[in-house]
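One structure is given here, and the rest of the page talks about it.
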Amino acid sequence: MVLLAFADSTLSTPVADITSDQEIPIATNHYTMTDNAVDAYFMNENPENPPPAAKPVYDLFTIEERQEKGLELATPKVSPYYGQRVIYLTFDDGPEPENTPAVLDILKKNGIKATFFVVGTQVEKYPEVLRRIYQDGHAIGNHSYNHVYRELYQSTNAYFSQLRHTDEIIKNVIGVRPRISRAPGGSAGSFTKEYWETLKKLGYVEVGWNVSSGDASKAKANGIINNIIAQMDNKNLWSHATLLMHDGRGHAETVKALPDIIKFFKDRQFEFRVVNFETPSPW
């Protein structure tokens, strides 16, 4: 757990100089923290400490709570992280009661973290699976409430209503909400300038991808692996490869392929990272 974000530095009198008849200064800053915090960066009332590297990012407040408290909505400015070999494993459309736990087991066995873009209706059905994602130290992103394009992309109001509703559902389960999001189907062809402006205003970070597993088709495990290997011939992606996969219903082949996918990147000494504010734009 990143305690730096919550340390209270308002006690200016040295401890050794405080006598028994002196009144100890009362801290003026307040720092909220959840009881079930994991090893992550938690955005709260303190705007001073930048997010530490390689940690999931969560917010202790919803957009409405931030507005009520007069707190900043915008994300802090951080430099994008470009390494020599960096891979972000991302999974969409969960949580799901069979595939997601299987993915989590594989990740745990390999000692790596990933990022899960979850759907609100799925969180409502399987809150215990979301709770495990969080407690295992993975990053969580907002992937809309129902993933129904005809409803989701009616307007910017419809889209962001779904994001805010999903934030509340997630926060009710784990006590915090994500600040990263991924548009179902991707932002291309769906987002107008107004969508991007609203994302920035409300403090969401949209996360795309530059490597697709192809598992949204009927591809078998070998085909999924070969899809990824072929795309990784483009070494321009190696510094910030963001791999799209799915852990929702019907994606058992992705689970079968995952050990070999991880081995492919481990054999080439890639660094596995979770998506956060440092993650570069995929393109």
Side-chain angles (χ1 to χ4, degrees), residues 1-9 29-62 75-83 85-92 94-95 100-118 123 126-143 166-167 169-182 203-205 207 240 242-243 245 247 258 262 265-266 270-280:
M1 176 171 52
V2 182
L3 296 177
L4 178 62
F6 312 102
D8 192 338
S9 59
N29 290 334
H30 301 286
Y31 302 94
T32 303
M33 191 58 192
T34 61
D35 294 332
N36 65 341
V38 297
D39 189 17
Y41 174 81
F42 296 89
M43 301 182 70
N44 54 17
E45 297 95 336
N46 182 8
E48 299 174 359
N49 297 310
K55 301 286 185 183
V57 174
Y58 297 108
D59 198 331
L60 279 84
F61 307 114
T62 63
T75 57
K77 293 182 179 180
V78 297
S79 299
Y81 177 82
Y82 291 96
R85 293 174 171 84
V86 181
I87 179 66
Y88 299 89
L89 301 181
T90 70
F91 297 88
D92 287 10
T100 306
V103 167
L104 292 171
D105 288 343
I106 294 168
L107 295 173
K108 187 173 184 178
K109 181 178 180 180
N110 284 274
I112 60 178
K113 307 297 182 186
T115 304
F116 293 80
F117 290 93
V118 300
V123 174
Y126 311 109
E128 71 284 354
V129 183
L130 180 78
R131 198 171 292 113
R132 182 183 168 189
I133 294 171
Y134 174 70
Q135 291 174 343
D136 280 5
H138 303 288
I140 295 170
N142 190 324
H143 197 44
T166 303
D167 279 349
I169 293 168
I170 293 171
K171 188 171 184 289
N172 285 338
V173 175
I174 61 175
V176 291
R177 71 173 177 107
R179 291 291 292 262
I180 59 174
S181 62
R182 173 174 282 171
Y204 289 106
V205 176
V207 181
H240 62 299
T242 304
L243 172 56
M245 295 178 284
D247 62 323
L258 185 56
I262 292 172
F265 288 107
K266 278 192 169 184
F270 271 73
E271 176 187 3
F272 292 83
R273 292 175 69 93
V274 298
V275 175
N276 59 19
F277 293 155
E278 287 189 319
T279 304

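All figures in this text were calculated on a predicted structure; none of them were measured in a lab.
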Quiz item: Heavy-atom distance under 4.5 Å between the side chains of Ile140 and Ile174, does that happen here?
Solution: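 Side chain of Ile140 against side chain of Ile174, heavy atoms only: contact under 4.5 Å found.
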Quiz item: Side chains of Ile112 and Phe265: does their closest heavy-atom pair fall under 4.5 Å?
Solution: no
Quiz item: For the side chain of Asn44 and the backbone of Leu60, is there at least one donor-acceptor N/O pair under 3.5 Å apart?
Solution: no
Exercise. Using atom types as modelled and distance alone, determine if a side-chain donor or acceptor of Arg85 lies under 3.5 Å from a backbone N or O of Glu271.
Key: no
Those residues that, when tested against [X], pass salt bridge (Lys or Arg N to Asp or Glu O under 4.0 Å) (two or more places apart):
X	answer
Lys113	none
Arg132	Asp105, Asp136
Arg179	Asp59
Arg182	Asp92

First locate atom [atom1] of [X], then atom [atom2] of [Y], and finally report the distance between them rounded to the nearest 0.5 Å.
X	Y	atom1	atom2	answer
Asp247	Leu258	CG	CG	10.0 Å
Tyr82	Glu278	OH	CD	11.5 Å
Leu243	Leu89	CG	CG	6.0 Å
Ile262	Leu107	CD1	CG	5.0 Å

Can you name the nearest heavy-atom pair linking [X] to [Y], along with the distance?
X	Y	answer
Thr100	Gly94	OG1-CA, 4.5 Å
Ala54	Asn276	N-ND2, 3.6 Å
Ala114	His138	N-ND1, 3.0 Å
Tyr88	His240	CE1-CA, 4.4 Å
Pro178	Asn142	CG-N, 3.9 Å
Pro56	Gly137	CG-O, 3.6 Å

Self-check item: Six-ring centre of Tyr81, Arg273 cation under 6.0 angstrom, axis tolerance 45°
Solution: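 Pair Arg273/Tyr81 counts as cation-pi.
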Quiz item: Yes or no on side-chain contact (heavy atoms from CB on, under 4.5 Å) for Phe61 and Glu45, after CA distance, side-chain angles and deciding distance?
Solution: CA-CA 9 Å; Phe61 307 114; Glu45 297 95 336; 3.5 Å; yes
Quiz item: Considering residues at least two apart in sequence or located in another chain, which fulfil the side chain to side chain contact (heavy atoms under 4.5 Å, CB included) criterion with Arg131?
Solution: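 Only Pro127, Glu128, Gln135, Val173 meet the side chain to side chain contact (heavy atoms under 4.5 Å, CB included) criterion with Arg131.
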Quiz item: With sequence neighbours left out, what residues match Thr115 under side chain to side chain contact (heavy atoms under 4.5 Å, CB included)?
Solution: Thr90, Phe117, Ala139, Ile180, Val274, Val275
Practice problem: Would you please classify the geometry between the Phe116 ring and the Phe91 ring as parallel, tilted or perpendicular, with 30° and 60° separating the classes? | Solution: parallel
Quiz item: Should the heavy atoms of other residues, nucleotides or ligands under 6.0 Å from NZ of Lys108 be counted, would the total exceed 12?
Solution: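 At most 12 heavy atoms, drawn from other residues, nucleotides or ligands, come within 6.0 Å of this atom.
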Quiz item: Distance only, no hydrogens: is a donor on one side chain within 3.5 Å (strictly under) of an acceptor on the other, for Tyr204 and Asp167?
Solution: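 Yes, Asp167 and Tyr204 have a side-chain donor paired with an acceptor closer than 3.5 Å.
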Quiz prompt | Within the 6.0 Å centroid threshold, strictly below: Tyr41 and Phe277 | solution =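 Between Tyr41 and Phe277, the centre distance exceeds or equals 6.0 Å.
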